[in-house]
Amino acid sequence: MKLNEQGSGPSFASEDVATPKRTKDILNRHNLVLKKSLGQNFLTDGNVLRNIISAAELTPEKGALEIGPGIGALTQQLAKEAGRVVAVEIDQRLLPILRETLSPYPTAEVVHGDVLKLDLRQLIEEKFSGLSGISVVANLPYYITTPIIMKLLEEKLPLENIVVMIQKEVADRMAAKPGGKEYGSLSIAVQFYCEAELVTIVPRTVFVPQPNVDSAVIRLRLRKGPPVEVADEDFFFEVVQASFAQRRKTIYNNLGARFFSKENKRVLEALLLEAGIEPSRRGETLSMEEYGRVAEALRNCPTCSK
């Protein structure tokens, strides 16, 4: 295939990135050595991309914010469905590759930066003005998945969906229901803000290079309001985290160690019973509603050390 001086011609740039051959060719031509520290594993399966796009429910009237576009495999498909695509990439070495692979898509823009340091609310206001809805759609680096998702949720950004491919183990924890070993403080933190649904499992064999674990696509549909009313969100999450401090211990022992002195610990037993919670239960058995009652009881307790 004949290329122009920059190493790409129109027909070459318009090819989909998401095949093993095309991905390896791009990496070789640009002499790109992938960085494990940035979690760079590039998807090469068109079917998985179609599942991600479908779950995001995009239209030409909606926008997509992508985090970590890599060499543009998902970005290309987003640009075919959404009215506007903004991709945030931290690795400056990938910018010329993205200029090449995204050249046929004028509605796609790349922003160089660290998503954890960017003012995402301002970015959304500047880049997606006039659109009817915005979703985050991304293949997230595994090493930083949770901080990114919690930033998106805690900042209460105007998002419809967060559709991301992440490590399967983390996706299982985010979507877990009470009673299972995967259910924990991350499950509650995510489900406080959105409804979590596993979309598909993704084998490690469809990446270049292959990661050491399988992945999953999860859709987080943002709620209009939390499923439980809490007077103090920060304290609610503090109670949740304390309840899982040592998973083998009962909620009585975990909360007692965090919020009460030895002399006042017996007060906790009465508070839990008043809230309808058996003190012998473990943290993974409590629903979000039950945690709301526990947090409210502790918040109003004068001997609780907050």
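None of the values given here were measured: they were computed from a predicted structure.
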Given side chain to side chain contact (heavy atoms under 4.5 Å, CB included), test His112 with Leu95 step by step and report yes or no. CA-CA 8 Å; His112 178 224; Leu95 301 185; 3.9 Å; yes
Run the side chain to side chain contact (heavy atoms under 4.5 Å, CB included) test on Gln246 and Asn254 for me, step by step, so that the C-alpha distance in whole Å, both residues' side-chain angles and the decisive distance to 0.1 Å come before the verdict. CA-CA 7 Å; Gln246 296 189 56; Asn254 275 330; 3.8 Å; yes
Determine, stepwise, if the pair Leu268 / Leu298 fulfils side chain to side chain contact (heavy atoms under 4.5 Å, CB included). CA-CA 8 Å; Leu268 175 60; Leu298 292 179; 3.9 Å; yes
When you look at Leu157 and Ile124, which way does the side chain to side chain contact (heavy atoms under 4.5 Å, CB included) test go after all the steps? CA-CA 9 Å; Leu157 300 172; Ile124 287 171; 4.3 Å; yes
What verdict does the ring pair (Phe, Tyr, Trp, His ring centres under 6.0 Å) test give for Phe259 and Phe235, after you've listed the backbone C-alpha separation in whole Å, the side-chain angles of each residue and the deciding distance to 0.1 Å? CA-CA 11 Å; Phe259 293 106; Phe235 185 66; 5.6 Å; yes
Passes salt bridge (Lys or Arg N to Asp or Glu O under 4.0 Å), Asp45 versus Arg50? Steps please. CA-CA 9 Å; Asp45 188 297; Arg50 283 186 282 276; 5.9 Å; no
Report the C-alpha separation of Arg221 and Glu57 in whole Å, then their side-chain angles, then the decisive distance to 0.1 Å, and conclude whether the salt bridge (Lys or Arg N to Asp or Glu O under 4.0 Å) test is met. CA-CA 11 Å; Arg221 196 186 296 279; Glu57 301 172 332; 3.0 Å; yes
Evaluate the salt bridge (Lys or Arg N to Asp or Glu O under 4.0 Å) criterion for residues Glu274 and Arg293: first the C-alpha distance (whole Å), next the side-chain angles of each, then the deciding distance (0.1 Å), finally the verdict. CA-CA 9 Å; Glu274 231 175 89; Arg293 296 204 303 266; over 6 Å; no
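Enclosure of atom CZ in Arg204 by more than 12 non-hydrogen atoms of other residues, nucleotides or ligands within 6.0 angstrom is indicated. Other residues, nucleotides and ligands contribute at most 12 non-hydrogen atoms within 6.0 Å of the CG atom of Asn212.
Side chain of Tyr291 to backbone of Ile188: no donor-acceptor contact under 3.5 angstrom is found. Judged purely by atom type and a 3.5 angstrom limit, Asp119 uses its side chain to pair as donor or acceptor with the backbone of Arg121. Listed for the Glu197 side chain is no donor-acceptor partner under 3.5 Å among the backbone atoms of Ile218.
Pairs of residues two or more places apart, or lying in two chains, that qualify as salt bridge (Lys or Arg N to Asp or Glu O under 4.0 Å) and include a residue from residues 129-157 are Lys151-Glu155, Lys156-Glu233.
Under the 4.5 Å side-chain criterion, counting only non-hydrogen atoms from C-beta, Leu74 is in contact with Ile53. Side-chain atoms of Leu27 and Ile71, non-hydrogen and from C-beta on, do get closer than 4.5 Å to each other. A 4.5 Å side-chain heavy-atom check between Glu66 and Pro69 finds at least one atom pair inside the cut-off. The shortest side-chain heavy-atom distance between Ile162 and Ser135 does not fall under the 4.5 Å cut-off. Within the 4.5 Å cutoff, side-chain heavy atoms of Ile26 are placed close to those of Ile97. Leu140 places none of its side-chain heavy atoms less than 4.5 Å from the side chain of Ile144. Side-chain contact check for Glu89 versus Leu98: some heavy-atom pair is nearer than 4.5 Å. Two residues are said to be in side-chain contact when any heavy atoms from C-beta on lie closer than 4.5 Å; Ile134 and Glu160 fail this criterion.
Under the 4.5 Å side-chain heavy-atom criterion for grouping Ile, Leu, Val, Met, Phe, Trp and Tyr, Val294 is not connected to Leu273 through any hydrophobic cluster. In the hydrophobic clustering of ILVMFWY residues, with side-chain heavy atoms under 4.5 Å counting as a link, Leu186 and Leu198 come out together. Hydrophobic clustering (ILVMFWY, side-chain heavy atoms < 4.5 Å, transitive): Val88 and Met150 are in one cluster. Under a hydrophobic clustering in which Ile, Leu, Val, Met, Phe, Trp and Tyr are joined whenever their side-chain heavy atoms come within less than 4.5 Å, directly or via other members, Ile201 and Met165 fall into different clusters. When the side chains of ILVMFWY residues are joined at heavy-atom separations under 4.5 Å, either directly or via intervening members, Val136 and Leu116 end up in a single hydrophobic cluster.
Across Asn41 and Phe207, no two heavy atoms sit closer than the pair O-CD2, 3.7 Å. Contact record, Pro20 with Thr44: N-CB, 3.6 Å, taken as the closest heavy-atom pair. Ile251 and Pro279 get closest at one heavy-atom pair: CG2-O, 3.7 Å. Of all heavy-atom pairs spanning Leu255 and Ala242, the tightest one is CD2-CB, 4.0 Å. Contact between Arg223 and Gln191 at its shortest, heavy atoms only, is NE-O, 2.9 Å. Minimum heavy-atom separation, Ala64 to Leu78: CB-CD2, 4.1 Å.
Taking NZ from Lys24 and OG1 from Thr19, the interatomic distance works out to 9.5 Å, rounded to the nearest 0.5 Å. From Leu32, atom CG reaches atom OG1 of Thr23 across 11.5 Å, with rounding to the nearest 0.5 Å. Rounded to the nearest 0.5 angstrom, Glu100 CD and Leu102 CG are separated by 9.5 Å. Residue Leu153 holds its CG atom at 6.5 Å from CG of Leu220, rounded to the nearest 0.5 Å. Separation of atoms SG (Cys194) and CZ (Arg219) is listed at 11.5 Å; rounding is to 0.5 Å. Here the CZ atom belonging to Phe260 is positioned 8.0 Å from the OG atom belonging to Ser305, to the nearest 0.5 angstrom.
The pair Lys21-Asp25 does not count as a salt bridge, with every side-chain nitrogen at least 4.0 angstrom from each carboxylate oxygen. Of the charged side-chain nitrogens involved, at least one lies within less than 4.0 Å of a carboxylate oxygen, so that Arg281 and Glu290 count as a salt-bridged pair.
The aromatic rings of Phe237 and Phe192 sit perpendicular to each other, their planes meeting at more than 60°, with 30° as the lower class boundary.
If you check the side chains of Glu61 and Ser132, you find no donor sitting under 3.5 Å from an acceptor. Side-chain contact of Asn161 with Lys62: a donor-acceptor pair under 3.5 Å is absent, judged by distance alone. Glu263 and Ser261 share a donor-acceptor pair across their side chains, judged by distance under 3.5 Å alone. Defined by atom type and a distance below 3.5 Å, a donor-acceptor pair is missing between the side-chain atoms of Glu81 and Gln77.
Partners of Lys127 by side-chain hydrogen bond (donor to acceptor under 3.5 Å, both in side chains), not counting sequence neighbours, listed by chain and number: Glu109.
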Name each donor-acceptor pair under 3.5 Å that joins a side chain in residues 168-180 to protein atoms two or more places apart or in another chain, with its distance.
residue: Lys168; atom: NZ; partner: Asp172; partner atom: OD2; Å: 2.9

